[in-house]
Amino acid sequence: MTGDCASNCLLILLDNEVTTLYPFLQQDGTCRLSGCFPVQIPTTMTLGGDEITIGNVPDSKSAETGVDFVCHFVRAFEGALSSEEIEELRLLCPSVVQCDREGIVGFRLPSMNNQVVSPLILIQVFLKYAIQHEEARIGGAIRSVFLVYPPSFSSVHVHHLRHIFRCVGDYSFTAQNRVLCQICSFLPLAVLSPASPTRVLVFDACYDALHIFLCELSSSKVRVSSHVWSTSLGRHCIVVRFMNSIVQRFNHSMQRPLPETAIGDVYDCCNSVLDCLAVQSSCSLSVRSDGSVLKQVVRQQDVWGLLTEACDLLKKDLEVLLAEVGWTLSSIPQALLTGTCYSLSCYETLIHTLVPAAALARNNDVNEMVLNAFSSTLTLEVAEPADSALYKVLHSSSQPVALSSEVLQLMRDEVRQLRGKRKKQEEAATPQGPELQEEMPAPIPVVLDTTQDEIFAPTNPDVRCMCGWRY
């Protein structure tokens with residue numbers, strides 16, 4: 001992927017759950033994107049012995065001994081975590097997470113003689129191997145790295161990132177806030193090149209939360225007036241709520257509970273259903289267990305029906321913030337939907353519910369970020385005074401508590417119960433001898449059938465999840 005007088009560059013969209021890697025060529029100040037394509041990998045690492053692996057999520061049923069799995073170190077780097085966040089992180093990384101009285105997290109790695117490693121060091125290692133991964137994929141050395149960091153990173157966080165990049169390698173390093181990059185990716189739109197400041201709502205749909213930024217855009221700067229976010233409307237929690245509805249329907253229809261060993265497979269299939277519903281109006285999901293079969297046609301409005309309560313609470317929170325900055329819903333002409341999970345149909349419905357009068361543009365195009373974000377003359381300005389909601393997000397060591405507290409707590413309980421069950425399942429499934437190994441049950445087939453025809457029966461009894469696409 002090299003050419004005459006051209007240098008390989010890499011755009012990294014760093015996030016807590018999923019990181020996007022996008023290589024491209026730069027020649028004489030011009031970006032060449034032909035033949036380039038992005039890849040997304042989980043922001044995770046496994047460490048054990050002499051090996052470090054990034055971007056994988058180990059199966060709890062086949063967890064390796066002597067290997068440490070770490071995740072959510074980007075969120076931990078942001079600052080002090082609440083007791084609930086620490087509890088959830090411990091479920092994700094059993095026997096790894098340690099924290100002090102202020103909620104500052106470290107990761108204790110048994111595979112490395114119980115050394116406690118800071119989140120910053122884990123980010124450094126993750127970025128180093130992410131760059132090496134892309135160098136191997138494109139077959140050439142990368143010269144320049146463009147890092148897009150989460151909106152909650154302050155100038156102090158960015159200073160530390162610049163410092164660790166000196167240790168990663170001899171790269172030209174440029175960093176930019178994700179909010180500014182996302183807005184620049186929509187350029188040029190007439191409404192985004194105004195003579196006077198224009199009010200814009202930016203909806204950033206991520207795996208772990210949905211963020212809403214209240215912005216004023218002018219020809220020279222983006223001023224972020226306030227911010228609200230809801231974990232209950234992040235993709236992960238949407239999948240959990242959808243999964244719970246499927247499990248409850250199975251239990252009610254079959255008059256018996258679905259085996260806990262199948263919960264993970266149902267989660268994976270529900271996650272695939274959301275992808276299907278992004279490009280089609282409906283698909284069918286089949287769950288089979290011990291001869292019993294539940295087949296359900298899922299429509300886009302069915303998923304939305306699970307989110308109306310969370311949407312109502314988020315709307316109340318948004319109205320409070322709008323009143324604080326002197327805005328009204330009718331005074332906002334433009335809404336932008338972006339983020340890793342922007343394609344989910346329920347987000348478009350949510351935006352039309354929250355701001356029905358605003359024109360909606362949808363985009364998460366990394367090509368446009370490359371072309372516009374790092375060459376733009378736009379600057380990012382954070383609202384004053386210092387007690388505003390977004391100022392606390394961007395300039396504090398801790399995240400504010402989400403305003404939709406009722407639904408957030410409910411979803412955290414659901415997530416915690418699910419992960420607690422899976423942890424107990426993993427412990428119970430640990431072989432203790434030949435007898436236990438012989439008694440371990442076979443996987444329960446869970447089938448996603450997007451064709452809406454007859455149930456697709458797996459021919460391989462070990463296959464847990466099968467899916468087909470229909471456009």
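Any value given below was found using the heavy atoms of this structure, including those in side chains, with hydrogens, waters and symmetry copies removed.
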If every non-hydrogen atom of Leu11 is compared with every non-hydrogen atom of Leu13, which pair is closest and at what distance? CD2-CD1, 3.4 Å
Interatomic distance, CG@Leu109 vs CG@Leu122, rounded to 0.5 Å, equals 6.5 Å
Short side-chain to backbone donor-acceptor contact, Asn177 and Tyr149, under 3.5 Å: no
dist Ser144:OG -> Phe24:CZ (nearest 0.5 Å) comes out at 7.5 Å
More than 12 non-hydrogen atoms from neighbouring residues, nucleotides or ligands closer than 6.0 Å to CG on Asn114, yes or no? yes
Under 6.0 Å from the six-membered ring centre of Phe37 and within 45° of its axis: does the NZ or CZ of Arg137 meet both? yes
Any sub-3.5 Å donor-acceptor pair from Thr174's side-chain atoms to Phe146's backbone N or O? no
Mind checking the CZ-OG spacing from Arg162 to Ser155? Nearest 0.5 Å is all I need. 10.5 Å
Candidate pair Cys215 and Ile183, rule side chain to side chain contact (heavy atoms under 4.5 Å, CB included), full reasoning: CA-CA 10 Å; Cys215 303; Ile183 290 178; 4.2 Å; yes
Find the distance between OG (Ser232) and CZ (Arg241) and round it off to the nearest 0.5 Å. 7.0 Å
Taking the side chain as C-beta and beyond, is there a heavy-atom pair between Thr379 and Val222 under 4.5 Å? no
Decide yes or no on ring-ring contact (aromatic ring centres under 6.0 Å, His included) for Tyr267 and His236, but give the supporting numbers first. CA-CA 10 Å; Tyr267 178 95; His236 174 67; 5.6 Å; yes
Nearest-0.5 Å distance that lies between atom CD in Gln296 and atom CG in Leu294: 6.0 Å
Locate the shortest heavy-atom distance separating Leu306 from Ser245; write the atom from each residue and the value. CD1-OG, 4.0 Å
Judged by modelled atom types alone, do Glu78 and Ser152 share a side-chain donor-acceptor pair under 3.5 Å? yes
Modelled atom types, side-chain donor and acceptor of Thr338 and Asn363, under 3.5 Å: no
Intermediate values then yes/no, side chain to side chain contact (heavy atoms under 4.5 Å, CB included), Met243 and Val266: CA-CA 7 Å; Met243 178 198 69; Val266 177; 3.7 Å; yes
Flag side-chain contact, heavy atom, 4.5 Å: Thr20 against Ile12: no
Would you call Gln40 and Thr19 a side-chain contact if the rule is heavy atoms closer than 4.5 Å? no
Sub-3.5 Å donor-acceptor pair from the side chain of Thr308 to the main-chain atoms of Trp304, do we have one? no
Distance col, row Leu336:CG vs Ile351:CD1, nearest 0.5 angstrom, shows 8.5 Å
Answer yes or no: is there a side-chain heavy-atom contact under 4.5 Å between Ser7 and Cys9? yes
Asp15 and Arg178 ion-paired at < 4.0 Å: yes
Can you confirm whether Cys341 sits close enough to Tyr347 that some side-chain heavy atom of one is under 4.5 Å from a side-chain heavy atom of the other? yes
Run the numbers on Ile131 and Val168 for side chain to side chain contact (heavy atoms under 4.5 Å, CB included), then give the verdict. CA-CA 9 Å; Ile131 295 171; Val168 169; 4.0 Å; yes
Which heavy-atom pair separates Phe242 from Cys270 by the least distance, and what is that distance? CD2-CB, 3.5 Å
Decide if atom CZ of Arg362 counts as having more than 12 heavy atoms of other residues, nucleotides or ligands within a radius under 6.0 Å. yes
Tightest non-hydrogen contact, residues Gln280 and Gln300, listed as O-NE2, 3.1 Å
Is there a donor-acceptor pair closer than 3.5 Å between any side-chain N or O of Asn364 and the backbone N or O of Tyr342? no
Check: Asp68 side chain, Ser111 main-chain N or O, donor-acceptor pair, under 3.5 Å: yes
Could you tell me whether the side chains of His72 and Glu17 share a donor-acceptor contact shorter than 3.5 Å? yes
State whether Arg235 and Asp275 are salt-bridged, where the test is any N-O pair (Lys NZ or Arg NE/NH1/NH2 against Asp/Glu carboxylate O) under 4.0 Å. yes
Between Phe126 and Pro42, which heavy-atom pair has the shortest distance, and what is it? CE1-O, 3.8 Å
Can you check whether Val105 reaches Gln98 side chain to side chain, under 4.5 Å on heavy atoms? no
Report yes if the side chains of Gln182 and Met369 come closer than 4.5 Å at any heavy-atom pair, otherwise no. yes
Check whether Gln176 reaches the backbone of Cys181 with its side chain - one donor and one acceptor, N or O, closer than 3.5 Å. no
Check the orientation of Phe77 and His160. Use parallel for under 30°, tilted for 30 to 60°, and perpendicular for over 60°. perpendicular
Is any side-chain heavy atom of Phe73 less than 4.5 Å from a side-chain heavy atom of Thr43? yes
Is any NZ, NE, NH1 or NH2 atom of the basic residue among Arg90 and Glu87 found under 4.0 Å from an Asp or Glu carboxylate oxygen of the other? no
If you apply the rule side chain to side chain contact (heavy atoms under 4.5 Å, CB included), what do you find for Asp204 with Ile212, and how did you get there? CA-CA 6 Å; Asp204 185 10; Ile212 304 177; over 6 Å; no
For the rings on Phe69 and Phe107, is their centre-to-centre separation under 6.0 Å? no
Could you report the tightest heavy-atom contact between Ile164 and Ile123, atom names first, then the distance? CD1-CG2, 4.2 Å
